[in-house]
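Contents: one structure, followed by commentary.
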2 protein chains.
Amino acid sequence: MERFSSVSMAVVRRLPKYHRYLEELIKNDIRRVSSQELSKITGFTASQIRQDLNCFGGFGQQGYGYNVDELHDEIGKILGLNKLYNTVIIGAGNLGQAIANYSFFDKSGFKMTAIFDVNPKLVGMKINDIPVVDVDELEQFINEHNIEIIVICTPKSQAQKVADIATRTNIKAIWNFAPTDLKVREDIIVENVHLSESLFTISYLLKEKEEQYRKKK
Amino acid sequence: MERFSSVSMAVVRRLPKYHRYLEELIKNDIRRVSSQELSKITGFTASQIRQDLNCFGGFGQQGYGYNVDELHDEIGKILGLNKLYNTVIIGAGNLGQAIANYSFFDKSGFKMTAIFDVNPKLVGMKINDIPVVDVDELEQFINEHNIEIIVICTPKSQAQKVADIATRTNIKAIWNFAPTDLKVREDIIVENVHLSESLFTISYLLKEKEEQYRKKK
DNA sequence: CAATCTTTGTGATTTAATTAACATATATTC
DNA sequence: GAATATATGTTAATTAAATCACAAAGATTG
């Protein structure tokens, strides 16, 4: 991925984790946390946590640590979670429905505005109060509703077609669950969730472990 | 994650990508490929590809390149895709069903043996020919059917409970889709798919890009 | 079949990421 | 309120990852 900022993706991908762990702390009424305590919870080293946070400014206080609420807020802002993103899901299969039903995304500012599908039986229905719309109307809908993010939950065979349609509009990012790499304009952010790659990694580790075990014997 | 082998996770996580791209080449009847050509397709540098592959031995031939079929096979073996893993899905919600319906996993050697759920209306049904079983029978089922991998698709609130049950058995790996970090025995491989982290990364990049844009003006 | 071209495998180098170390600021204690 | 303990922010050191560069092997060509 082409980057502009000086903050590395390695750091960026840890931010949501910090955010989540801080949320847990808030739930448990913990108001204050040190990098060392965070280290125990998150598994990252205290040093790394401090260095990560300092990419964005000093949120802590020497001798005290970090105020949990404040840090949670700040990281939220850094992640852009204080903003609203008009979002649509494309593909009302199980995966699309799973995402539609997971209200957490909506609460986090990703406004799920519509779900698109080819199946006329689904069109007109609502899933978690989100209308299912005919995919033929996708382009128009994106333009009219100022959609910034599209979530591709179609089969592999349809993913590029959908991406092509969306690319003609002003969308800014694609969250892609189809097991393929999309070709799109340079300026569109693409985040892939390739489930099989994740599963294959398990497979590798299992095999490796078994080999290690055999060696020991 | 605790590692044993000398091959870094960075390399391991690229292997499934190579595997997938090679599959594409096979579909297009391409028999031979150089690291340079692979570089164009995958976006990794040719040098990195050669170095990655050499972690596992020399699969290429100087002056020729790599035999696509052979390399695809070899990477498949490295990933352990020539083996069969008895697998169960826990949670027959949309996400669990999505995974159950995605036959690709089954074809890749992850035998989806059962789906567990608490909902008595679902128990007894079949999803993509996989029986839905009462979650109360989980432990016994795992033991009797030699299950090695469990896929957690439950809500967050149930995930640790399920993990605790599974941890009493001989399972070897957990593929976790619940938005939480599981506490399990050291020897169990846990691969998390934290969707919100992926989405939040998009959010960060969007925000960052907008800031870049404003600066230019 | 000799000459040339291609492309791997690999050691050296560079760049990036992580960890360690510590000075400084603040909190806490007695 | 002085003394001590704590914990950040930050620079330096270390480790890990990616890239470069090239010799050697083998393919291709005329």
Side-chain angles (χ1 to χ4, degrees), chain A residues 1-18 21-22 25 30-75 78 201 204, chain B residues 1-18 21-22 25 30-75 78 201 204:
Chain A
M1 190 180 306
E2 209 179 330
R3 303 303 320 303
F4 303 90
S5 136
S6 54
V7 180
S8 81
M9 279 307 285
V11 175
V12 172
R13 292 200 182 275
R14 282 192 290 269
L15 294 176
K17 287 190 196 287
Y18 295 140
Y21 283 113
L22 288 165
L25 291 178
I30 294 167
R31 293 275 166 82
R32 166 186 172 175
V33 72
S34 68
S35 59
Q36 202 170 28
E37 290 165 327
L38 270 176
S39 169
K40 259 186 210 150
I41 299 169
T42 62
F44 304 123
T45 65
S47 182
Q48 184 166 57
I49 293 166
R50 290 203 302 278
Q51 194 147 84
D52 282 356
L53 296 178
N54 266 73
C55 293
F56 304 97
F59 305 121
Q61 201 162 26
Q62 289 175 331
Y64 178 86
Y66 301 88
N67 177 296
V68 173
D69 279 289
E70 191 192 310
L71 188 57
H72 178 261
D73 261 30
E74 290 293 342
I75 293 178
I78 293 164
T201 304
Y204 174 87
Chain B
M1 190 180 306
E2 209 180 331
R3 305 303 321 301
F4 303 91
S5 135
S6 53
V7 180
S8 80
M9 278 307 283
V11 175
V12 171
R13 292 203 181 271
R14 281 193 291 269
L15 293 177
K17 289 191 194 286
Y18 295 141
Y21 284 113
L22 288 165
L25 290 178
I30 295 166
R31 293 278 164 79
R32 168 184 170 175
V33 73
S34 68
S35 59
Q36 201 171 27
E37 289 164 326
L38 270 176
S39 169
K40 259 186 211 151
I41 300 169
T42 63
F44 304 122
T45 65
S47 180
Q48 184 167 55
I49 293 167
R50 290 203 300 279
Q51 193 148 83
D52 282 355
L53 296 178
N54 266 73
C55 293
F56 304 97
F59 305 122
Q61 202 163 26
Q62 288 175 331
Y64 177 87
Y66 300 88
N67 178 297
V68 174
D69 280 289
E70 190 192 311
L71 187 58
H72 179 261
D73 261 30
E74 289 292 342
I75 293 178
I78 292 165
T201 303
Y204 174 88

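All values derive from a computational prediction rather than experimental measurement. Just so it is clear: chains get the letters A, B, ... in the order the sequence lines come, proteins before strands, and each one is counted from 1. The figures here come from the full heavy-atom set of this structure, side chains too, leaving out hydrogens, waters and symmetry mates.
Using a 4.0 Å cut-off, no side-chain N or O of B:Tyr64 falls inside it from OP1 or OP2 of C:dC5. Residue A:Tyr66 places at least one side-chain N or O under 4.0 Å from the OP1 or OP2 atom of D:dG9. The shortest distance between the side-chain N/O atoms of B:Ser8 and the OP1/OP2 oxygens of D:dA16 is not below 4.0 Å. The side chain of A:Arg32 contributes no N or O atom lying less than 4.0 Å from OP1 or OP2 of D:dT6. Within the 4.0 Å cut-off from OP1 or OP2 of C:dA27, at least one side-chain nitrogen or oxygen of A:Gln61 is found. B:Ser35 has no side-chain polar atom (N or O) that falls below the 4.0 Å cut-off from OP1 or OP2 of C:dT7.
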>> Run the side-chain contact (heavy atoms from CB on, under 4.5 Å) test on B:Leu25 and B:Tyr66 for me, step by step, so that the C-alpha distance in whole Å, both residues' side-chain angles and the decisive distance to 0.1 Å come before the verdict.
In response: CA-CA 12 Å; B:Leu25 290 178; B:Tyr66 300 88; over 6 Å; no
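Computed from coordinates, the B:Phe59 CZ to C:dT10 C1' distance equals 15 Å when rounded to whole Å. The distance from atom CD of A:Glu70 to atom P of D:dT8 is 13 Å, rounded to the nearest whole Å. Distance B:Leu38 CG to C:dG9 P: 12 Å, rounded to the nearest Å. Between B:Gln36 atom CD and D:dA27 atom P there is a gap of 19 Å when expressed in whole angstrom units. Atom CG of A:Asn67 is separated from atom P of D:dT8 by 13 Å (rounded to the nearest Å). As a whole-Å value, the separation of B:Lys40 NZ from C:dT7 C1' is 14 Å. For the pair A:Met9 CE and D:dA16 C1', the interatomic distance rounds to 19 Å; values are reported in whole Å. A:Glu37 places its CD atom 13 Å from the C1' atom of D:dT8, with the value rounded to the nearest Å.
Residues A:Asp52 and A:Leu15 fail the side-chain proximity criterion, which asks for heavy atoms closer than 4.5 Å. Between A:Tyr21 and A:Val33 the shortest side-chain heavy-atom distance does not fall below 4.5 Å. Taking the side chain as every heavy atom from C-beta outward, B:Val7 and B:Phe56 approach each other to under 4.5 Å.
Atom NZ in A:Lys40 sits 7.0 Å away from atom CD in A:Glu37 (nearest 0.5 Å).
Shown here for B:Leu22 and B:Val68, the closest heavy-atom pair between the two residues is O-CG1, 3.8 Å. A:Lys17 and A:Phe44 make their closest contact through CD-CZ, 3.7 Å (heavy atoms, listed as atom of the first residue, atom of the second, distance).
Nearest-nucleotide positions on DNA chain C for B:Gly58 and B:Gly63 put B:Gly63 closer to the 5' end.
Of the residues in residues 42-52 of chain B, those placing a heavy atom less than 4.0 Å from an atom of DNA chain D are B:Thr45, B:Ser47, B:Gln48, B:Arg50, B:Gln51, in numerical order.
With hydrogens and angles ignored, a donor-acceptor pair under 3.5 angstrom links the side chain of A:Gln62 to the base of C:dT24.
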